[in-house]
Amino acid sequence: GLLAGAAITAPLVRALAQTPMPPDPTRVPGAPSDSLGIRSPFEQPRLTPVGVVQGSSWTPHQDLHGTLTPAELHFQRHHNGIPAIDPSTYSLTLHGMVERPLTFTLAELKRFPSITRTYFLECSGNGGRAWNNPRPDMSPQVVDGLTSNTEWTGVPVSTLLRAVGAKPGGQWVLAEGGDAAVMTRSIPMDKMLRDALVVYAQNGEALRPGNGYPARLLLPGWEGNMCVKWLRRLEVLDAPVMSREETSKYTDPLPDGTSRQFSFVMDVKSVITAPAYPAVLPEKGWHAIRGIAWTGRGTVSHVDVSTDGGRTWHQATLPAGATPLSHTRFEYLWRWDGKPARLLSRAHDVTGAVQPTAEEFRKVRGKAPGYHFTSIRSWDVAADGTVTFGG
Amino acid sequence: GLLAGAAITAPLVRALAQTPMPPDPTRVPGAPSDSLGIRSPFEQPRLTPVGVVQGSSWTPHQDLHGTLTPAELHFQRHHNGIPAIDPSTYSLTLHGMVERPLTFTLAELKRFPSITRTYFLECSGNGGRAWNNPRPDMSPQVVDGLTSNTEWTGVPVSTLLRAVGAKPGGQWVLAEGGDAAVMTRSIPMDKMLRDALVVYAQNGEALRPGNGYPARLLLPGWEGNMCVKWLRRLEVLDAPVMSREETSKYTDPLPDGTSRQFSFVMDVKSVITAPAYPAVLPEKGWHAIRGIAWTGRGTVSHVDVSTDGGRTWHQATLPAGATPLSHTRFEYLWRWDGKPARLLSRAHDVTGAVQPTAEEFRKVRGKAPGYHFTSIRSWDVAADGTVTFGG
Amino acid sequence: CSTPSDRADPTYGLGKTPNVAQLAAMDRDVDPRGRGLPAGEGTVSQGAVVYAAQCASCHGARGEGRAPSPALVGRTPAAGHVFALDNKAPRTIGNYWPYATTVFDYVQRAMPQSTPGTLTAAETYSVVAYLLNENGIIAPDAVMNAQTLPAVVMPAARFFVRDNRTGGRLFR
Amino acid sequence: CSTPSDRADPTYGLGKTPNVAQLAAMDRDVDPRGRGLPAGEGTVSQGAVVYAAQCASCHGARGEGRAPSPALVGRTPAAGHVFALDNKAPRTIGNYWPYATTVFDYVQRAMPQSTPGTLTAAETYSVVAYLLNENGIIAPDAVMNAQTLPAVVMPAARFFVRDNRTGGRLFR
Ligand SMILES: [Ca+2]
Ligand SMILES: [Ca+2]
Ligand SMILES: [Ca+2]
Ligand SMILES: [Ca+2]
Ligand SMILES: [Ca+2]
Ligand SMILES: [Ca+2]
Ligand SMILES: [Co+2]
Ligand SMILES: [Co+2]
């Protein structure tokens, strides 16, 4: 059983964490392998906070490299806990303005032609905590932990809509989840037909319960809330339902006294993940400033890095290239002279959009925008090498 | 602690595995999140066999989708167990025919400019068990579990060689591991300069101990044995060392009475992962035949699928496109008529190479080739839907 | 042999006609036109009873909120829609929600948080009436049902504007 | 400001000169020219003692192997190199290994499997001499050292051909 599974890994865990460590591992036979390739005891990234029923838990970006977010470390956002779902009784129903409503089992969803793509998923609330109440002891996890990047596999929604014969008048689709929040969002038909997926695999294996097992909606580049987890039905409609999540929530008050509704697309953004709190630079000299950049409007075109608080900017390299609608790793080799420094990153996307400064963001969106916190982030490097969040 | 970590996840585990399952999860608050996004109890892929000190443990390909192999499920191949290594005392030394030998800490390796790429890693012995002693009850894990696909992050070996000033006469590099097998392989300098990496991250986070933590060599497209784990030194030499792994092992006897040495590159290959043993097709009708294809000689150009034992072939789609030196997912929608069928896949790569039939393979390589088992695999579908390995 | 172009049947032979009762149990969404509202009705005073019994423990006796349960009642700012300028201005049903039907839709599916989806139609109409009255939107003697609820005009509805941005250099 | 093209120092200021003793402890690889062979020597009869005490428990009293430890001794097939045709033909030092120095290099670093890297140079030369004699490659009175070991010609060396394939339609 699963609890027994924990016991099974105990010998390997103990071997890797033995004290003292063997002075020369080439002289003593190593530990036997286990049924899972567990982490080193010296590398134990975790989501935080824990115990979330209504709230969120964040990806530890300061511990990560490359572009992928390990499934165990994908951020979670829950409104009434994680449902216990038996995949053999799960189903997804498409109905409404369709020729023939149909209910599909999970096995049937997997029998349709599939697509595999690497896409980011970001909650619109990402960055809100750091914007509203910035503190020097905030890590990238705390600042921007509500974005993750995953290789998703699933069936195109367009394939399912074709299966049920969506009618021309159907310009919206209501997506509903099968958890205790029964979350609903109205999705424009155009997006559903363009690149929306019902995904059942996350980084090569089944979705995690905390991320929507056994199937969720995935709208590439669009806000996480719309990517309904534990998806149980899609209803084709002629108008949006105006659910709570698209009215009370996920609408963006503006300084002009309006609230922007249906702000679906995640705007271009970046954040330095190293060096960042709580890292300490060990010495002067060359250090790689690294981070992630992304945009819901296509592909990141380039990323600039500043080490003098935004006075001068330098273009970063992209060690993994740039893929559409996916976290893009950037890197800038910086020769630190040992004096205080202020590190910033600024992403641009192919539409010409550029990540705004904090001042510009505040001017355009106000002090309390509610969502879509995309302003440039800064990190302060002190002379002793300690790094803190600069807001 | 780690063992306590197992206890922390127990409430979520129990909630997701409760019996009976809640008839309607929309009516009961779900479980609180934990510090890791654990799997559903209904999805528990595992490596097999376990307890390997000298031998291998295989990726459960029949449980996977997309192109990535979760790090926990990356195959493992050990010659004397998994070493316990403290990253703060680990080091990598480059020496030999160089201007200035240097020893780098792990933190220093991470400070160099980095590269992130998705590459497969395959052991040359992959498929040997199934070739030598095929059985109907072999799953893709048992047949071809010694190949995995990962997003790797690390520093180019060329960057390190430039740092130490490799001398022109240095045409080979000896790579040595820091485990109890102290494995060594001689690598041609050309490969080291071209695209070899010293990697420290696997799918976004630190390497797993079973896969070489904290750093290993990664030679894109080349046999896994050469991608030395727990890498401790690289020595620039003017000639190969002719270690045991490149003489006694990893050399391929041929029917003409010679042994092929330095067969570095993994040849084009594919395997159907679904439907495959132990799957059972639930009914006649449409089913997606899926699998992975790869080549160490660049990119998979196309994959054919046959459902009549190789009489007729159909080109498959590539749901994730084709990326160089990476597992390529293929898919073919098949309308099963309920009669016995024999499923095959045949991969082609950009050099024009094509996966050989079993007969061709046996004719060219012999009955006991030892390594590089790349022949076309087959799966038998019985009228009752059961699927078995057909050799 | 079957090729993609031969796949005349877009269902691939997959899926079943939905079970009528199961679908009806799910298909309870309510839109601003009132589509989906069930039969039944409720009054403000009936709603006060429901609220006190099933909601106040989390949302406060007067709907003022009690973290983490949000405030449900409030009409400040009295004029304008200045939430972007003030972190502390709570968004409530009265000063923010653009549609009254949303209150029904949401409460019906998600509240009480500990026993979601258990209110009857009458209870839901009632507590919605109560909340709308507490927020100064309907009269104390108003009756909420499938006809009257969609007709309620919410004070903040006129402030909502649909996003029309398409990227580009200008940050809006 | 520093740009990539200004990075005159390819070390990026990283790395330290290796500790001489630590490097010497690692740098023990032996190549076919004999580079890396330590001072010392050993005889076949000395090697028989080492083998019986430290190797036979796994590899068998006569080097016949005992799963999972492989056979170390054997000269069949007596002629030719037919391993591709026969699953059951074990590859041993005598019928397969192309270089004698490899035996030293491997045993020194990896054997005995339970206590790797613990043999002295003399013990390693000795057990290598023993194994080469058991495989009919050197005389019973041969002495193995840094000069004589690289000179040993292995019977199977001439069968090894380096791979020269570059892909393409022809499967070789
Ligand atoms: Ca969200
Ligand atoms: Ca290998
Ligand atoms: Ca069917
Ligand atoms: Ca409806
Ligand atoms: Ca230094
Ligand atoms: Ca050497
Ligand atoms: Co939005
Ligand atoms: Co090879």
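Chain identifiers are assigned alphabetically (A, B, ...) following the order of the sequence lines, protein sequences preceding nucleic acid strands; residue numbering begins at 1 within each chain. Only this structure's heavy atoms are used, side chains among them; waters, hydrogens and symmetry mates stay out.
Considering all non-hydrogen atoms of both residues, P49(B) and S33(A) come closest at O-OG, 4.4 Å. Closest non-hydrogen pair, E331(A) versus P113(B), comes out as OE2-CA, 3.1 Å. Nearest heavy-atom pair, A180(A) versus V28(B), reported as atom, atom and distance to 0.1 Å: CB-O, 3.4 Å. The two residues R208(B) and G37(A) have their closest heavy-atom pair at NH1-O, 2.8 Å. Here the shortest heavy-atom pairing between A84(B) and Q18(A) reads CB-NE2, 3.6 Å.
Put simply, OG1 on T67(B) and CG on N203(A) are 9.0 Å apart, with the number rounded to the nearest 0.5 Å. Summarising the geometry, atom CD belonging to E72(B) is positioned 8.5 Å from atom OG belonging to S35(A); distances are rounded to the nearest 0.5 Å. Distance OG/S40(A) to CD1/I82(B): 11.0 Å, rounded to 0.5 Å. If you take CD1 on I115(A) and CG on L318(B), they are separated by 11.0 Å, rounding to the nearest 0.5 Å.
Between chain A and the options S57(B), G177(B), P83(B), P87(B), heavy-atom pairs under 4.5 Å are most frequent for P87(B). Of all the listed residues (V53(A), V182(A), L64(A)), the one sharing the greatest number of non-hydrogen pairs under 4.5 Å with chain B is L64(A). Interface summary for chain A: among Q76(B), R290(B), H74(B), the most heavy-atom pairs under 4.5 angstrom belong to R290(B). By number of non-hydrogen pairs under 4.5 angstrom with chain B, the leading residue of G178(A), P22(A), A201(A) is G178(A). When T118(A), T69(A), L68(A) are compared by the number of non-hydrogen pairs under 4.5 Å with chain B, L68(A) comes out ahead. Of the listed residues A274(A), G210(A), P29(A), the one with more heavy-atom pairs under 4.5 angstrom with chain B than any other is P29(A). Of the residues considered (P70(A), A206(A), A288(A)), P70(A) shows the highest number of contacts with chain B, using heavy-atom pairs under 4.5 Å.
Interface residue A31(A): backbone and side-chain heavy atoms are both found under 4.5 Å from chain B. Proximity to chain A (any heavy atom under 4.5 Å) is restricted, for Y200(B), to the side chain, taken from C-beta onward. Contact of D179(B) with chain A is made through the backbone alone, with heavy-atom distances under 4.5 Å. Only the side chain of H78(A) comes within contact range of chain B, with heavy atoms under 4.5 Å apart. Interface residue P282(A): only side-chain heavy atoms are found under 4.5 Å from chain B. Of the atoms belonging to N80(A), heavy atoms from both backbone and side chain fall under 4.5 Å from chain B.
Put simply, the side chain of R111(B) never gets that close to the backbone of H287(A): no donor and acceptor are under 3.5 Å apart. A side-chain donor-acceptor contact under 3.5 Å links R117(A) to the backbone of P319(B).
When side chains are defined from C-beta on, K110(B) counts as touching H65(A), because their heavy atoms get closer than 4.5 Å. Side-chain contact between R232(B) and P25(A) is absent, with no heavy-atom pair separated by less than 4.5 Å. Side chains of L36(B) and L47(A) form no contact here, defined as non-hydrogen atoms less than 4.5 Å apart. The shortest distance between side-chain heavy atoms of Y213(A) and R39(B) does not fall below 4.5 Å. The closest side-chain heavy-atom distance from P32(B) to V52(A) is not below 4.5 Å. Within the 4.5 Å cutoff, no side-chain heavy atoms of S114(B) are placed close to those of R329(A).
Under the side chain to side chain contact (heavy atoms under 4.5 Å, CB included) criterion, D24(B) pairs with T26(B), R27(B), not counting sequence neighbours.
Of all residues in residues 146-154 of chain B, those placing a non-hydrogen atom less than 4.5 angstrom from a non-hydrogen atom of chain A are E151(B), T153(B).
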